[in-house]
Engineer: 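I'd like to ask you about the structure that follows.
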Amino acid sequence: MNKKFMIIDGSSLIFRAFYAIRNLTTKDGIFTNGVYGFLNMYYRVVDEYKPDNICVVFDKSAPTFRHEDYEAYKGHRDKAPSELSSQFGILKDILNSLNVKFEEQDGYEADDIAGTLAKKAQEENYDTILVTGDKDYLQLVDENIKVLLTRRGITDVDEYNEESVEEKYELKPIQLIDVKGLMGDPSDNIPGVPGVGEKTALKLIREYDSIENVYANIDNISGKALKKKLEENETLAYLSKKLGTIFLEVPMDIDIEKYKIEEPNYEELKEKYEKLEFNSFIKKLPTEEIEYEEDFEYVFIKDSSKILDKLKKSKKDFAFHLFYNGSNYIHSKPEILSFKIIGEEKVYIYILKDEKELLDFKEIFENNSITKLSYDLKSDIYYLLRNGIDLKVPYEDLTVAEYLIDPSKNSYDIDKTAKLYLNRDLFSNEEIFGKGKKKKNLADIEEEQLGNYIGMYMSVTEDLRKTLTEIIEERQMHDLYFNVELPLIKVLASMEVEGFEVDAGYLTDLGDKFNEEILELEEKIYEDAGMEFNINSPKQLGEVLFDKLQLPVIKKTKTGYSTDAEVLDKLKGSHKIIERILRYRTVKKLTTTYIDGLIKLIGEDGRIHSTFNQTIAVTGRISSIDPNLQNIPVKTEEGRLIRKAFVAGEGKKLVDADYSQIELRVLAHLANDEVMLQFFKEGLDIHRKTASEVFNVDFDKVTSLDRSNAKAVNFGIVYGIGDYSLSQDLNITRKEAREYIENYLNTYKGIKKYMEEIVEVGKEQGYVETIMHRRRYIPELNSKNFNIRGFGERVALNTPIQGSAADIIKIAMIEVYNKLKEKNLKSKLILQVHDELIIEATEDEVEEVTNLLKEIMENAVKLKVDLKVDINIGDSWYESK
DNA sequence: GCAATCACG
DNA sequence: ACGTACGTGATTGCT
C-alpha cells in the first residue's frame, strides 16, 4: 500500500466557507466563518482518508508570474473583504498548533504549489489526495492523484479519479486545460475565445484532442461563424491555455516526509478554540491530562567542591540559576546556586554563605566551549559580573526566547511557560513564597518543597530549550535571538553593574529650593480656593475648580472631572489659581519623582544602578526601572537641571551619542519612499523640507510655525495619525488637519502606500515584523469594534518602525560593548535611551571612544538611507545632551 | 490594584 | 480594552 499524501488548498476552502457560512463571529466580533468551515472540512477528510502526510497550500497576494503574461489576469476580481483576509492569519496560527505544515510562495498560486507537490509525490509513489473547491484542479488528476472537490458550499465533496473525470467529461484530465483555453474563465479573467462556451469547447476538444490540433484542422471545422471566431482569436486561445495551466515546477525544496502527520499541541489548540468559540472542536480534543513523569532528582550539597569537580570534568552543557529574595535582584543578593547538567537527572542545590563564593565557579562560567542555560539569565550575569566573573558565550536564556516568540505577554514566569509549552504543572511563585506581607524568603521554605521547586525550575529550563529554539528557528529569528538578544543580555547586565554616578548633594540642594516654592504655592492655592484641600487629589481639585469656582468643564474622565495639563492650559486666564496649580504640579513632579525618588536609589558607591528590562516592551525596546533613567526631564530648562546631577566619575567624561531622526529614516527605508529618501540624502532639515513641500513654500521661506507643524505631522505619521488628534495637537480644525495629512501623503506617496500595505500584511499574517524579523501579533486587527481595530492598524504601522529602530540600537550596543572590551578600554557603556547611548569615558580615551561610537552606530545596519549620529561630550548629562 | 497625571523617546 | 497618536515607568490618591 502506498502512503497517502493529502494536499489541502487553504485559500480555496476558506474562501468557499466564507461565502457558504453566513455571519459566524465571536462575541468580540472576530469573523470566524472561513476558519470554521475549513476546520470542519479538515477534520472530516482527515478522519475519512487517514493520510500519512498533510500539507496546506495558500495563495500569496503578490502578483504571480501569470500577470507578466497577461496583465488583466484576475484583473476585475475584488480584493477579499477584510472580514475574510483577517481569517488567514487565524487559520495559519491554528495550523501551527495542529502541527500541520503549510506552504505559500510569492508569485505562485495555491494550485501551482499543490500541483508541484502532487507530481513530486507521485514520483515517490504516494497516493495523493487534493482537497479544494476549485474545479481547475481536475487537470491534475492522474494515476495516484485524486481530487476531492467541494460541492455546493462545503457540505459535500465529490471524489474524482482518472475514470470519473473521463466518465464525466469524456476527456483525459489534462485535456481540461484545452477546454478552458477555449472557453476561458470569467472568474479569473481568462478570456478564452469569445463566443465559445463550455459546450462548444468540450465538443471541439473531444473531437480534436487539443487546441493545437483544433487549429491544425481549422478548415474542417463546421460552422462558418465558429471557424471565424477561432481564427480571429488564435493567440488568445493559446494565451488562455497557458494561463489556465497549473504550473508544476514551482521552485521549492520538496521533502514530502516533512509533511508527516504529527501530534497537535492540544493545549494551544484548546486555548485558541476557546478564544474563537469553536466548542464543537474543543470536544474533539483529547481530554485526559498527560501525566508527566518528573525526570530529576534534587540534591542539596554542603560542599561546593563536589559539584565543582563534576562540572569541571563534564564537557556537557548545563542549566544554572542564582535564586534571590525579593523582586529586584539589584537590591538583593544571590542566596542559592543551582546546576543541572543537561541529560543528567541530578539537580544540585547549593546554599551560598556569601556571594563571594561565586568566584570558586569562575572557571566553569568562563568556559567558552559549553552552553550555559538559564531562565532569567540577566540576573545571573549581573551577580556574576558584580563578583568579577564574565559569563562567556555561548549562553542561552529561555525568558528571552519566549519573549521573542510572543512579546505581548505581561510576564514571563517559568510556571506559566512550562504549562504552555511543555504541559507541565509547576508550583507557582505564589504557592511557594506566598504573597503580600506574608511573602517568605528562600531560607524559610521547607527543604523538600524548595528542592522540588528548584528541581523543576532547572528541569523545565533544560526542556524549554528545544521547544522554544525550534519555534525561533522556524520563524527565521535565529539571527535576532543568537546575534542580537542573547549578546545584549550581557551588555545590559554590564550597564546595570556600572551604574551612573549621581551628585546627591546637588540634588538635595535643588530639592530644598523646590520644596520652598511648593510651600509658597500651597498657601496661595488655598487662598485662591478659599479652602485647604489636597492639591494632589484630582478629585478634590476638580471639585474646587469646577464646583466651588465654577470654571467651565473642558473634559471628563471615567471617574469625574479631568484636570490634566491640557485642560488647565485652556483655563489659563480664567482664574489665577490655574497657573499656580500648573506650576505646583511641575515642581511637585520634579521633587517627588526626580529628586526624592532618585536620592533613594543612590547606592553606597554613589551611583544609581537601574534595572533594564529586556522583555517588557512589545516593540522590542528596552525599558528602565528602579529608577527609570529613560525619562529624566529634558524638555524644560528647569527639568533639565536634574541632569546636572548625573555626572561622569573622577577623571572621566560623558560621551553622549544620539541617532538623528532614526524613526523617520527607518520609515523612509521601510516604505522605500523615493522622495523622503532623497531628502535625507541631501542632508537637509527634514522637518523644514517637509514643510516646504507640504505647504508649498520655498525652503528658505518656511516659517518656524510651518516647520513645527510639519514636525508634528512627521511624528504623527509614525504613530498612525488621525485628523482628530492632529487637530488637537496643532490647535487647528479637523478639516485643516485632514488637508495637512492629505498633502503629506501626496508628497510622500511611498509612505501612503506603505501605510496601506502594512495593515493588509498584518491582517493576512496575523503579525507584523521589524527588519530583524522581530514579530508582534496584532489580534486587534480582527476586531469589528471600530476603535479596537483602529488601534490595531496604528500598531501595525508603528511597530515595524519603533521596533526596527530598537533592533538597530541594540546591534550598535553589542558592537560598542565588544569593541571597548576588545581594545581593552576602560570606558564603559552606561545607558541607553532608545535612540541615545551614553559612555562614561576616561579622559584619555574620549577621542577614541567618540570615534568608535559614531562609526559603529552609523554603520550598525545598512539601510536605504544613511544613519546619522550626533555626539556631545561633557562632565554631566546636562552638558552632554 | 486601578485611575489619573506627567516624565521620556 | 480605548471616545480617536506609538512605546514606556513613577507617584499619588482612593477603593
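Each chain gets a letter, A, B and so on, in the order its sequence line appears, and its residues count up from 1.
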Engineer: Would A:Phe646 and A:Tyr878 count as a close aromatic pair, with their ring centres under 6.0 Å?
Structural biologist: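 Ring centres of A:Tyr878 and A:Phe646 not closer than 6.0 Å.
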Engineer: Which part of the nucleic acid, if any, lies within reach of A:Val718 when heavy atoms closer than 4.0 Å are counted: base, sugar-phosphate only, or nothing?
Structural biologist: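 No contact.
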Engineer: Under 4.0 Å: is that the gap between some side-chain N or O of A:Ser537 and OP1 or OP2 of C:dC14?
Structural biologist: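 Yes, because at least one side-chain N or O of A:Ser537 sits under 4.0 Å from OP1 or OP2 of C:dC14.
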Engineer: With a 4.0 Å cut-off on heavy atoms, is A:Gln728 in touch with a base, just the backbone sugar-phosphate, or nothing at all?
Structural biologist: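 If one applies the 4.0 Å heavy-atom cut-off, A:Gln728 turns out to touch nothing in the nucleic acid.
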Engineer: Check every strand shown and say whether A:Ser624 touches a base, only sugar-phosphate, or nothing at a heavy-atom separation below 4.0 Å.
Structural biologist: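 Contact class for A:Ser624: sugar-phosphate only.
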Engineer: Could you check whether A:Ile625 gets within reach of a base, just the sugar-phosphate, or nothing at all, counting any heavy atom under 4.0 Å?
Structural biologist: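 It contacts sugar-phosphate atoms only.
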Engineer: Identify whether any heavy atom of A:Leu590 sits under 4.0 Å from a base atom; if not, whether one sits that close to sugar-phosphate; answer base, sugar-phosphate or nothing.
Structural biologist: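 Result for A:Leu590 = nothing.
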Engineer: Within the 4.0 Å heavy-atom criterion, would you say A:Lys588 contacts the bases, only the backbone, or no part of the nucleic acid?
Structural biologist: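 Since no nucleic acid heavy atom lies under 4.0 Å of A:Lys588, the category is nothing.
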Engineer: Remember a base hit wins even if backbone is also touched, and classify A:Arg621 as base, sugar-phosphate or nothing at under 4.0 Å, heavy atoms.
Structural biologist: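 Here A:Arg621 touches the bases of the nucleic acid.
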Engineer: Classify the side chain of A:Gln802 versus the base of C:dC6 as yes if they form a donor-acceptor pair under 3.5 Å and no if they do not.
Structural biologist: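 Such a pair exists between side chain and base.
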Engineer: Mind checking A:Ala806 for me? I need base, sugar-phosphate or nothing, with any heavy atom below 4.0 Å counting as a touch.
Structural biologist: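 Nothing: the residue A:Ala806, judged by heavy atoms under 4.0 Å, touches no strand.
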Engineer: Reckon A:Arg789 touches a base, only the sugar-phosphate, or nothing at all at heavy-atom distances under 4.0 Å?
Structural biologist: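 The answer is nothing, as A:Arg789 stays clear of every strand by at least 4.0 Å.
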Engineer: If the cut-off is 4.0 Å, is A:Asn536 near the phosphate of C:dG13, judged by side-chain N/O to OP1 or OP2?
Structural biologist: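 Answer is yes, contact under 4.0 Å.
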Engineer: Mind checking the C1' distance from B:dG1 to C:dA5? Whole angstroms is fine.
Structural biologist: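 Each nucleotide's C1' atom is 27 Å from the other's.
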Engineer: Please report whether the ring centroid of A:Tyr748 lies less than 6.0 Å from that of A:Tyr744.
Structural biologist: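 Yes, ring centres under 6.0 Å apart.
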Engineer: Return yes if the base of C:dA5 and the side-chain atoms of A:Asp729 contain a donor-acceptor N/O pair under 3.5 Å, otherwise no.
Structural biologist: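 Counting by modelled atom types and ignoring angles, a donor-acceptor contact under 3.5 Å is found here.
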Engineer: For the pair A:Asp397 (side chain) and A:Asp376 (backbone), establish whether a donor and an acceptor sit closer than 3.5 Å, ignoring hydrogens and angles.
Structural biologist: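 Between the backbone of A:Asp376 and the side chain of A:Asp397 there is a qualifying donor-acceptor contact (under 3.5 Å).
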Engineer: Take atom P in C:dT15 and the same atom in C:dA10, then report the distance between them in whole Å.
Structural biologist: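 Pairwise P distance, C:dT15 against C:dA10, rounds to 25 Å.
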Engineer: Measuring to OP1 and OP2 of B:dC6, would you say a side-chain N or O of A:Arg585 lies under 4.0 angstrom away?
Structural biologist: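 Answer is yes, contact under 4.0 Å.
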Engineer: Taking atom C1' of C:dC6 as reference, at what distance in whole Å does atom CG of A:Asn631 sit?
Structural biologist: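 About 16 Å, once rounded to whole Å.
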Engineer: Mind checking A:Asp835 for me? I need base, sugar-phosphate or nothing, with any heavy atom below 4.0 Å counting as a touch.
Structural biologist: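 Result for A:Asp835 = sugar-phosphate.
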Engineer: Give A:Gly716 one of three labels, base, sugar-phosphate or nothing, depending on what nucleic acid heavy atoms sit under 4.0 Å from its own.
Structural biologist: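 Counting heavy atoms under 4.0 Å across all strands, the contact made by A:Gly716 includes a base.
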Engineer: What integer number of Å spans the P atoms of B:dC6 and C:dA1?
Structural biologist: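 My reading of the P atoms in B:dC6 and C:dA1 gives 26 Å.
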Engineer: Which is true for A:Thr563 with a 4.0 Å heavy-atom rule: it touches a base, it touches only sugar-phosphate, or it touches nothing?
Structural biologist: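 Sugar-phosphate: the residue A:Thr563, judged by heavy atoms under 4.0 Å, touches backbone atoms but no base.
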